Amino acid sequence: MGEPVKGRVESSLPGLRGIVADDKDQEHAVVTREGPTKGDAEIDQLYAEAEDKRLSKTSLLLDVLNISNVLTDGVSAMVDDSFNKCFTSTRPEPWNWNIYLFPIWVVGVVIRYLVLFPIRLMLLLIGFNTLIAVFLLVDLALMPSKRKMALQRKLVQWMCSAWVAAWHGVIRYHGPKPTPGKNRIWVSNHTSMIDYVVLCSYSPFAVIMQLHHGWIAFLQKRILSSLGCLWFNRTEVNDRAVVAARMKEHVNKEDAIPLLIFPEGTCVNNEYTVMFKRGAFDIGATVCPIAIKYNKIFVDAFWNSRREAFGKHLFRLMTSWALVCDVYFLEPQSIQQGESPQEFAGRVQAMIAKYANLRIVPWDGYLKYYNLGEKNPGLIEKRRRVLADVLRAYLGKTGAAPSTMELATEGKAALDGLQRNEEGLKGAVDGGVLQGWRKLCTGGTVHPV
């Protein structure tokens, strides 16, 4: 037997056999800030000085034509965009590209959309609506008691099982089944709202989740609230404080339903994991990690809420062949002596990432909802003002509009600068543009296409 290669981990878990992960991808995602922070005025001044230094050159035309820095920055951002990669759906690879595979693909589409989908939809409507009617009847007929709570738990579990059956779910659960207990809290990576359905079909959970609208809000407020679920609006600071207080109260109950939290705070594409919020890790409770790994062989379970309505997401799941998933209930963890809550969160995240084969990135998932123009509307205007000041300063130096000969001279100088970088810009600048500039600078006429 050969020795294992240092720096790599071979997974021997069920459902993840043959998967190799790098140790470097499983480092704790602890983000720290060193040194004093700068105020807004100082940041604006530094930006203004940098822009003035960049734009204040001998030739305005050369500044306009010199786009090498912009191209370099743009290409670098596109090549290494580790943030947007966390929220990008996986497109299925086309396999119906030849004459003998295309008929097989057509038969598969007909079976999935015209046979499986109607059957699944009919069974879901009958089963789910019947369970909702029974749930509402129990809620109105029985007085609050342990018997009523146990019955409601079982009904919610059956509802979730009806949804999993509608997706033709093939779910494999590994590890001990969660049991109620004091001072315990369960945390999991987050791919879609169906994560909660997949877990509840196995064992009921109370959950802390974003409050949605429409029919989802009805299910949250009328059905799931009976389990002690807590809802919040991520844009309201007061909601977070109230939820944190109620979370501590829920955890300290002896017979409380297991409380589930998604510390990432947003849906990630099940290939990466973003920074864990420390709210579940600084209340002194024992944390029970859950790793959820979806197999994308039939369907991608990631829900991109900014590009896809949840109804369309469910339709995509119900028209697939099957939803394949592995769920790992991992060993409970407690904060160690001298360990900060953020370090504790990073250690638990590393455990989940290892079992679910995820890459850890040190990004805050809430950045997905951050709009620079809305949060700092004055910053964009300040950038425009800096550019306007530079242009005014340049025009003030010249005192008059440049003549044709001056433009030709500056054009030749700019052309010389572009020619020096022509080899590096061949992939980004069309050769016809350079040819047009040569004609213009030598007194020729360039006709529009």
Side-chain angles (χ1 to χ4, degrees), residues 81 83-92 112 117 120-121 124 128 159-171 187-202 205 207-220 223-224 229 231-235 260-277 290-327 352-353 356-359 361 363-370:
D81 188 0
F83 178 74
N84 285 329
K85 286 180 181 179
C86 303
F87 311 103
T88 302
S89 303
T90 301
R91 293 187 177 183
R112 289 190 291 114
F117 175 68
R120 293 171 177 175
L121 181 61
L124 175 65
F128 188 69
M159 291 180 196
C160 295
S161 298
W163 280 104
V164 173
W167 304 325
H168 204 143
V170 182
I171 317 296
V187 298
S188 172
N189 59 303
H190 197 24
T191 306
S192 169
M193 280 201 297
I194 70 169
D195 297 338
Y196 178 70
V197 178
V198 168
L199 293 174
C200 269
S201 64
Y202 184 65
F205 283 94
V207 68
I208 297 179
M209 189 182 293
Q210 164 76 16
L211 183 61
H212 293 271
H213 304 283
W215 63 275
I216 301 177
F218 168 78
L219 295 178
Q220 289 179 318
I223 306 297
L224 298 180
C229 297
W231 315 115
F232 69 94
N233 190 336
R234 59 171 53 92
T235 60
L260 174 67
I261 293 179
F262 299 106
E264 290 172 302
T266 187
C267 297
V268 190
N269 62 5
N270 208 231
E271 295 179 4
Y272 294 84
T273 173
V274 297
M275 184 175 65
F276 276 22
K277 304 294 185 299
I290 302 176
I292 303 177
K293 184 62 177 180
Y294 292 96
N295 191 324
K296 300 182 181 182
I297 185 173
F298 295 122
V299 65
D300 185 3
F302 170 57
W303 177 41
N304 191 341
S305 58
R306 298 179 67 113
R307 297 190 176 184
E308 185 181 44
F310 190 63
K312 183 180 179 181
H313 177 62
L314 294 178
F315 176 77
R316 185 161 54 86
L317 294 175
M318 294 180 66
T319 53
S320 67
W321 288 111
L323 175 70
V324 183
C325 176
D326 284 276
V327 179
I352 294 175
N357 195 31
L358 307 176
R359 291 178 177 269
V361 293
W363 293 108
D364 188 336
Y366 282 174
L367 289 175
K368 185 172 73 170
Y369 305 97
Y370 185 85

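Just so it is clear, the structure is predicted and the values come from calculations on it, not from any experiment.
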Mind checking whether [X] and [Y] have side chains closer than 4.5 Å, heavy atoms only?
{"X": "Leu314", "Y": "Trp163", "answer": "yes"}
{"X": "Arg359", "Y": "Lys85", "answer": "no"}
{"X": "Tyr272", "Y": "Thr88", "answer": "no"}
{"X": "Val187", "Y": "Phe262", "answer": "no"}
{"X": "Leu358", "Y": "Lys293", "answer": "yes"}
{"X": "Leu124", "Y": "Met318", "answer": "yes"}

From [atom1] ([X]) to [atom2] ([Y]), nearest 0.5 Å:
{"X": "Leu121", "Y": "Thr319", "atom1": "CG", "atom2": "OG1", "value": "11.5 Å"}
{"X": "His190", "Y": "Trp303", "atom1": "NE2", "atom2": "CH2", "value": "8.0 Å"}
{"X": "Phe128", "Y": "Ser161", "atom1": "CZ", "atom2": "OG", "value": "11.5 Å"}
{"X": "Asp300", "Y": "Asn270", "atom1": "CG", "atom2": "CG", "value": "8.0 Å"}
{"X": "Arg120", "Y": "Leu317", "atom1": "CZ", "atom2": "CG", "value": "9.5 Å"}
{"X": "Tyr202", "Y": "Cys160", "atom1": "OH", "atom2": "SG", "value": "15.0 Å"}

Going by side chain to side chain donor-acceptor pair (under 3.5 Å), name the residues that satisfy it together with [X], two or more places apart in sequence or in a different chain.
{"X": "Lys296", "answer": "Thr90, Glu271"}
{"X": "Ser201", "answer": "Tyr173"}
{"X": "Asn304", "answer": "none"}

field: Heavy atoms from other residues, nucleotides or ligands near NE2 of His168 exceed 12 (cutoff 6.0 Å)
entry: no
Quick one: closest heavy-atom pair of [X] and [Y], and the distance?
{"X": "Cys267", "Y": "Thr191", "value": "CB-O, 3.3 Å"}
{"X": "Asn189", "Y": "Ile290", "value": "OD1-O, 3.5 Å"}
{"X": "Ser188", "Y": "Ile352", "value": "CA-CD1, 4.4 Å"}
{"X": "Ala353", "Y": "Thr273", "value": "CB-CG2, 4.1 Å"}
{"X": "Ile292", "Y": "Cys325", "value": "CG2-SG, 3.7 Å"}
{"X": "Ser89", "Y": "Phe302", "value": "OG-CD2, 3.4 Å"}

query: Under 3.5 Å, side chain of Asp364 to main-chain N/O of Met275, donor-acceptor pair present?
result: no
task: With side chain to side chain contact (heavy atoms under 4.5 Å, CB included) as the test, would you mind laying out the steps for Trp167 and Val197 before giving the verdict?
output: CA-CA 11 Å; Trp167 304 325; Val197 178; 3.9 Å; yes
message: Classify the ring geometry of Phe315 against Phe117: parallel below 30°, tilted from 30° to 60°, perpendicular beyond 60°.
response: perpendicular
- request: Go through the steps to decide whether Met193 and His313 satisfy the test side chain to side chain contact (heavy atoms under 4.5 Å, CB included), and finish with yes or no.
  value: CA-CA 10 Å; Met193 280 201 297; His313 177 62; over 6 Å; no
task: Please report the C-alpha distance between Asn295 and Asp326 in whole Å, then the side-chain angles of each, then the deciding distance to 0.1 Å, and finally whether the side chain to side chain contact (heavy atoms under 4.5 Å, CB included) criterion is met.
output: CA-CA 8 Å; Asn295 191 324; Asp326 284 276; 5.9 Å; no
query: Can you find a side-chain donor-acceptor pair between Asp195 and Tyr294 that sits under 3.5 Å?
result: yes
